[in-house]
Amino acid sequence: ILDNKGIFSVGLDFCACGQGTQSRPLQLLRARLFPATTSNPQSAATFRVLETLEILSYTSKVLVFEFYQALSRSTDNTKMKQPPDRYPQLLRMIRQWRYLKLLKRAGCGHNPEGIAAIQPGECAVLCPACPQGDKNMPAGWRNVPRSERYVHSLFLAIDANFRLRRKDVSSDKADPSLSRGYSYFVEEGEYKEYLRTCDKQPESKSTCSRHDAVNLASSKSNRGVAATGVGAVVCARHGMKLPNAVADLQYGERYCNMDYIFYKSVQGKEIVELVVSYDIVCQWSVHLKKRMLALDHTFDILNGVVSVKFLVPKFHLPAHVAACRTKFSFNLTKGVGRTDGEAPERVWSEADPLAPSTKEMGPGSRRDTLDFHFGDSNWRKFTGLGVTLMRRLKAAAADMTEYAISHQDLEASLPDASLSLWREELDAWEDDPSLRNPFEVVSKTPTQASVRRELSEAEARDLATGNDASLDENVSPSVLISAGIDLEAEQRVVKIGSGKLWDHSTDRQRSRLQIRTNALQRRIESWFKILQIYIPPVTMLRQKSGMTQKSGGLKPEDTTLWLPSQIGESALFDKRLAEIEWKLRIGQAYESLDELRNNLRIRSHLFKFKDKFIRGQASNTRARNSINLIQARVDAAGEEYRAARLALVTLARILGKIGWQDRLPILADSDKREISEGEFGISDGKQKMSWIWKSLDVAEGGDNNLRDALRIEWCKSRARAMRFREEVELLLEEMRRVQRFLAWQEEFWAGKGDVSTWGDSIYPMRAEGLKA
């Protein structure tokens, strides 16, 4: 007998004194001893030791093996007289114990038809604060006005966990699951049948930078692994796992896996508004309706009757491109309150300690173990929901007043005409997201391509009026300066390549670089021939500096190109060339800043993804290589900005330009950090955002840009005030739903005491147990 005090050998006599004698397992159970088998049991565990092990495993994630070793040492810590090995029996008993407790707590023991009548997901602990149809919804909730419907929204969050993998050991036949789709994991047979239809389903190509990080999931080796992780759907506001909304992943985060658990999470539910959070929702949602109809042709949630909002969790949003950061933002979306969409991450933090043990289990044991732990997690959230909702309500109510006053102060400083126009635009966009997004910038910063187009159009007008200033029939002034800036960029690339060579570089690496260097040399010499036509003093400048082709010894990547910004005041030339270079350098500076910001977002997410999901030397090496590639792009964008700004300093003196330094400050290495990343060595309370994220991006003629900035700031201020007001309303409705759910559950259990449905199979002892 296994007990909290140790492992004991006990002589036991079973009752056999009459025709009505109970079976041996039943006699043991009535003595609060759980038998290791139903056939001639020779081992048992006390109820209290199983209860202790169950609570310890849920609370501290203690392994059954470790617990058994503790019992063994409690029995004999000297190892002089080891007790009989009952570890395999304890594994079996605790699994059966948890399963029976699962059925008992779901009321399945009160069903006359037994286990066969259990419905999918029936044993899951439901979230009492989420909409649950007739269980906790008020009368007439289906017909509330559209403006008030958001308080009845169902918030779902989807995510995958690649730590909860499983090695390719055992099989479903050798180790079947006891809970066959009864709680959180989907029914395995139906799930695998569906996956067989998706073997050749292509994955959509990403149009967002976020996928650069997601694709790392595929870098994890599948060799010897039956499941690379699990995907799950949870309620986004309370973090509780949904029934039949967890499934194994086979090849990373494929759409078909996530489609299935999403379908199961909403199947059979009455929904008036749905909010779906997923870190790659910008890609996943594109053809979701088509895939759902292929899965179930009666699926009607995405047919337009139900309002569905697809959003990206707040923590993951900065890794997306600019368009996604407004279109899929929780902060900017009406009717979502202060939901952040990161509930799965908090759930995974509880499940991650199980990974070392569950990866060695068979398929059924692993699914059952995770089911039991998810159920306990839901139950702890269930019992603590009253305190949680009250704490959130107090915080949201205090912030609601503060942000409402702040927004009123901002509106008092803005023209009424602008406010009226902005309100109309924002209201229209919230009703119809296909309209122009008022949170996006209308006035765009210049790029090299846009500047070159403007210059070419200006030259076309000069040709039409006979004012062409070109000195060569094939190369105009703007083409000349543009080619020089392109050569400068090529010089930086070649210089980086030269720096990577070392004593053991291969002949192929050296020859590839030499071919590129030779091509650069020929392009530079051809460019100088045209440059000398437009700026004759260049010949003298080259001779004085010894930088001619005949002088030799000078590498092409180190050659001075003698653009107007490099000539400065050392020689006379047409100032129109300096004006052209000024415009191109402005575009180059803003373009390099955009590139820098984009790669910083990608780098930040790669770091977070690597820390969270990547394990093992091989996978870490592949992830590190991806990060190094992005870091090289960050450095290159920074160097391009510095080169453009250095040229602008000289050109500003020549052309008399002023005020531009405020828009394009000096870029220090410490400025090259992500938007939420602090400066090294500075405490959190004193951190400041890098200027690259705070610039208004205003260029020549900034009135339109300033209006854009004011409009966007007003929109964000209004959104902040509204989100806190919505949060208060959502929390109040959730509190009411919890009360209605508890009242429903009281009626549910009161009805379980009715023994009339059992018919002739009822007997006094069973009737007493059912009522108890």
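Note that the structure is predicted; figures quoted are calculated from it, not measured.
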> With respect to Ile535, which candidate in Leu577, Leu572, Leu541 satisfies the side chain to side chain contact (heavy atoms under 4.5 Å, CB included) definition?
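Considering Leu577, Leu572, Leu541, a side chain to side chain contact (heavy atoms under 4.5 Å, CB included) with Ile535 is found only for Leu577.
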> Does the side chain of Ile481 come within less than 4.5 Å of Tyr534's, by heavy atoms?
no
> I need the minimum non-hydrogen distance between Ser478 and Leu584, along with the two atoms involved.
O-CD1, 4.4 Å
> Between Arg711 and Pro438, is there a donor-acceptor pair closer than 3.5 Å when you use the side chain of the first and the backbone of the second?
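Checking the backbone N and O of Pro438 against the side chain of Arg711, a donor-acceptor pair under 3.5 Å is found.
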> Please say whether more than 12 non-hydrogen atoms of neighbouring residues, nucleotides or ligands are located less than 6.0 Å from CG in Asp432.
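More than 12 within 6.0 Å, yes.
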> Answer yes if the side chains of Asn437 and Lys327 hold a donor-acceptor pair under 3.5 Å, and no otherwise.
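Not at all, the side chains of Asn437 and Lys327 share no donor-acceptor pair under 3.5 Å.
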> Is Arg663 close to Tyr590 at the side-chain level, that is, under 4.5 Å between some pair of heavy atoms?
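They are in contact (side-chain heavy atoms under 4.5 Å apart), so the answer is yes.
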> Any salt bridge between Asp594 and Arg597, counting N to O under 4.0 Å?
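The answer is yes: the pair qualifies as a salt bridge.
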> What distance separates Glu639 CD from Leu667 CG, expressed to the nearest 0.5 Å?
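Taking CD in Glu639 and CG in Leu667, the distance rounds to 8.5 Å.
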> Look only at the side chain of Arg645 and the backbone of Pro665, and say whether a donor-acceptor pair between them is shorter than 3.5 Å.
yes
> Taking all atoms of both residues into account, what is the closest heavy-atom pair of Leu311 and Ser329, and its distance?
CD2-O, 3.9 Å
> Is there a donor-acceptor pair under 3.5 Å between the side chain of Arg718 and the backbone N or O of His407?
no
> What's the separation between atom CD in Gln588 and atom CD1 in Ile586, rounded to the nearest 0.5 Å?
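Taking CD in Gln588 and CD1 in Ile586, the distance rounds to 10.5 Å.
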> Does Glu411 pair with Arg423 as a salt bridge, N-O distance under 4.0 Å?
yes
> Should the ring pair Trp422 and Trp714 be called parallel, tilted or perpendicular, given that the plane angle runs from 0 to 90° and is split at 30 and 60?
tilted
> Is any side-chain N of the basic residue among Glu525 and Arg542 closer than 4.0 Å to the acidic one's carboxylate O?
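Here Glu525 pairs with Arg542 in a salt bridge, since their nearest N and O are under 4.0 Å apart.
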> Do you know the tightest heavy-atom contact between Ile530 and Leu480?
CG2-CD1, 3.9 Å
> Is the shortest side-chain heavy-atom distance between Leu596 and Tyr641 below 4.5 Å?
no
> Measuring from Gln631:CD to Ile627:CD1, what's the distance to the nearest 0.5 Å?
9.5 Å
> Test side chain to side chain contact (heavy atoms under 4.5 Å, CB included) on Trp284 and Met258; report intermediate values, then the result.
CA-CA 9 Å; Trp284 175 74; Met258 312 313 284; 4.1 Å; yes
> Would you say the side-chain atoms of His316 pair up with the backbone N or O of Tyr278, donor to acceptor, closer than 3.5 Å?
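No, His316 side chain to Tyr278 backbone: no donor-acceptor pair under 3.5 Å.
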> So for atom CG, which belongs to Asp507, do other residues, nucleotides or ligands contribute more than 12 heavy atoms lying within a distance under 6.0 Å?
no
> Determine, step by step, whether Arg492 and Glu640 satisfy the side chain to side chain contact (heavy atoms under 4.5 Å, CB included) criterion, reporting the C-alpha distance in whole Å, the side-chain angles of both residues, the deciding distance to 0.1 Å, and the verdict.
CA-CA 9 Å; Arg492 287 194 293 270; Glu640 184 175 7; 3.5 Å; yes
> Identify the two heavy atoms, one from Trp429 and one from Leu332, that lie closest to each other, and give their separation to 0.1 Å.
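Closest approach of Trp429 to Leu332: CZ3-O, 3.7 Å.
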> Under a 3.5 Å threshold, yes or no: a donor from one side chain and an acceptor from the other, between Gln509 and Arg512?
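The criterion, which ignores hydrogens and geometry beyond distance, is not satisfied for Arg512 and Gln509.
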> What heavy-atom pair brings Pro556 and Gln491 nearest, and what distance separates the two atoms?
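Heavy atoms only, the tightest pair is O-NE2, 2.8 Å.
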> Is there side-chain contact between Arg436 and Glu425, with heavy atoms separated by less than 4.5 Å?
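Side chain of Arg436 against side chain of Glu425, heavy atoms only: contact under 4.5 Å found.
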> Classify the side-chain pair Gln566/Thr560 by whether it contains a donor and acceptor separated by less than 3.5 Å.
no
> Could you tell me whether the side chain of Leu426 reaches within less than 4.5 Å of the side chain of Phe439, counting heavy atoms only?
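Touching, per the 4.5 Å side-chain cut-off.
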> Where the side chain of Glu581 meets the backbone of Ser565, is there a donor-acceptor pair that is under 3.5 Å apart?
yes
> So how far is it from Phe330 CZ to Lys309 NZ, rounded to the nearest 0.5 Å?
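Answer rounded to 0.5 Å: 10.5 Å.
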> Could you tell me whether Lys716 atom NZ has more than 12 heavy atoms of other residues or ligands within 6.0 Å of it?
no
> For Val479, give me all partners under side chain to side chain contact (heavy atoms under 4.5 Å, CB included), at least two apart in sequence or on another chain.
Val475, Ser476
> When you compare the side chain of Pro564 with that of Ile654, does any pair of heavy atoms fall below 4.5 Å?
no
> Centroid separation under 6.0 Å, is that true for the rings of Trp562 and Phe528?
no
> Taking the side chain as C-beta and beyond, is there a heavy-atom pair between Leu600 and Ile692 under 4.5 Å?
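Leu600 vs Ile692: side chains touch.
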> Rounded to the nearest 0.5 Å, what separation is found between the CG atom of Asp159 and the CD atom of Glu253?
6.5 Å
> Before you tell me yes or no, could you show the steps for Lys657 and Glu579 under side chain to side chain contact (heavy atoms under 4.5 Å, CB included), namely the whole-Å CA-CA distance, both residues' side-chain angles and the distance that decides it to 0.1 Å?
CA-CA 10 Å; Lys657 303 285 187 179; Glu579 188 68 40; 3.5 Å; yes
> Could you give the distance from CG (Asn331) to OG1 (Thr333), rounded to the nearest 0.5 Å?
8.5 Å
> Check whether Arg325 reaches the backbone of Leu317 with its side chain - one donor and one acceptor, N or O, closer than 3.5 Å.
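Side chain of Arg325 to backbone of Leu317: no pair is present.
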> Using atom types as modelled and distance alone, determine if a side-chain donor or acceptor of Ser526 lies under 3.5 Å from a backbone N or O of Arg523.
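Not a single qualifying donor-acceptor pair exists.
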> Is it true that atom CZ of Phe315 has more than 12 heavy atoms of other residues, nucleotides or ligands lying nearer than 6.0 Å?
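Atom CZ in Phe315 is not crowded, with 12 or fewer foreign heavy atoms closer than 6.0 Å.
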> Do Ser420 side-chain atoms and Ala417 backbone N/O form a donor-acceptor pair below 3.5 Å?
no
> Please lay out, stage by stage, how Ile567 and Val538 fare under the test side chain to side chain contact (heavy atoms under 4.5 Å, CB included).
CA-CA 8 Å; Ile567 295 174; Val538 165; 4.1 Å; yes
> Between Arg585 and Ile485, is there a side-chain heavy-atom distance shorter than 4.5 Å?
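Yes, close enough: below the 4.5 Å cut-off.
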> Would you name the heavy atoms of Leu435 and Ala428 that are closest together and state the gap between them?
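Minimum heavy-atom contact is CD1-O, 3.6 Å.
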